[in-house]
There are 2 protein chains.
Amino acid sequence: MMIAPSDTQQLAAWLKVLAEPRRLQILNLLMEGVQCNCELGDYLDMAPNLISHHLSVLRKAGLVDVERDAVDARWIYYSLNRAAFATLNTAFGTFFDPARIQPRRTVCGPQDGVILADTIRVTSR
Amino acid sequence: MMIAPSDTQQLAAWLKVLAEPRRLQILNLLMEGVQCNCELGDYLDMAPNLISHHLSVLRKAGLVDVERDAVDARWIYYSLNRAAFATLNTAFGTFFDPARIQPRRTVCGPQDGVILADTIRVTSR
DNA sequence: AAAGAAGTTCAATGACCGTTGAATTATATC
DNA sequence: GATATAATTCAACGGTCATTGAACTTCTTT
């Protein structure tokens, strides 16, 4: 399977949102059913405005949904978008699939066209 | 399944290496068997020193291996580390698994302890 | 030994973005 | 209406890091 450059751009954008320790922690807590700003703050020892910021980024990426409390509208609840996680998971699984790795071939250099075995991993360099 | 905070730190470090469009493009080309700096430069229209930099980052992350040409040692060949990609792939698959998402529960707020259904996705806000 | 070639390292620049504290909004209670 | 609460928005700061051009290293060829 071949992956187009445009897909790598899309994938990179998604990875960029996820490549943040605190955002991953937030996602991890949301996975467990935790959902309001204040509680996330208690668990992660973060200021509410910072949590707001990260949740905003996650929301714009389509990973997180928002809902106000029906009884007291001051509370805002966050939850994960299952569909987004499903597509995300398959996209990662496809791109980083080890089975997708083709045997190496030299196209430039002196050994042009030779198919080579996997590189032996060396300690130094 | 519950994922520890330490794992999220590790995962974030990995994601940070991957969250770069040009690095993803390089990985994608390496997947297809391309391997020397010069050739990567031709495909991606990047300066060789920049490719060197990104390859160095990927190498330090353990995703890429290096080997000198046996005939002409000026050429240096890069390849993907299959083992690293295998563990990477399973780590992602585990963390972002939609099946891991627990039902939401209110622990703070007026509806304390209530189990709620998935949030209905709304267009605005 | 000198010239050329493949690649890396170095130093400097600039942009992006996480973080912080303060101000603001929206809602509920007294 | 006034006060309190949950959360967001704003402005400013600072660090990280991709990018660039130049210098350097290593190896080959003549």
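Chain naming here is simple, since letters A, B, ... match the order of the sequence lines and numbering starts at 1 in each.
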Answer with yes or no whether Asn49(B) presents, from its side chain, a donor or acceptor under 3.5 Å of a partner atom in the base of dG7(C). no

Whether the side chain of Glu32(B) engages the backbone of Val34(B) through a donor-acceptor N/O pair (distance < 3.5 Å, no angle test) should be reported. no

Angle class for the Phe92(B)/Phe92(A) ring planes (parallel below 30°, perpendicular above 60°, tilted otherwise)? tilted

For the pair made of CG in Asn37(A) and C1' in dT5(D), what is the distance, rounded to whole Å? 12 Å

Of the nucleotides dA7(D), dG7(C), dT19(C), which has the atom closest to the Leu50(A) side chain? dT19(C)

Checking the side chain of Arg68(A) only, and the main-chain atoms of Ala73(A) only, is there a donor and an acceptor separated by less than 3.5 Å? yes

If I take atom CD1 in residue Ile76(A) and atom C1' in nucleotide dA28(C), what distance separates them, rounded to the nearest angstrom? 14 Å

Tell me the interatomic distance from Arg23(A), atom CZ, to dT19(C), atom C1', rounded to whole angstroms. 12 Å

Please give, in whole Å, the distance from dT20(D) C1' to Asp45(B) CG? 14 Å

Between Leu55(B) and Ala73(A), name the one whose nearest nucleotide on DNA chain C is closer to the 5' end. Leu55(B)

DNA chain C: 5'-proximal contact among Val57(A) and Ser56(B) (nearest heavy atom): Ser56(B)

Which is more 5' along DNA chain D, the nucleotide nearest Ile51(A) or the one nearest Arg74(A)? Just name the residue. Arg74(A)

Send over the distance from Asp72(A) CG to dA6(D) C1', rounded to a whole Å. 8 Å

Without decimals, in angstroms, what is the distance between Asp69(A) CG and dA6(D) P? 12 Å

Distance-only donor-acceptor check, side chains Arg100(B) and Asn28(A), under 3.5 Å: yes

Between atom NZ in Lys16(A) and atom P in dC17(D), what is the gap in whole Å? 12 Å

Does the side chain of Glu67(A) reach to within under 4.5 Å of the side chain of Ile76(A), using non-hydrogen atoms? no

Find the distance Arg68(B):CZ to dA6(C):P and express it as a whole number of Å. 14 Å

Select base, sugar-phosphate, or nothing to describe what His53(B) touches, counting heavy atoms under 4.0 Å on all strands. base

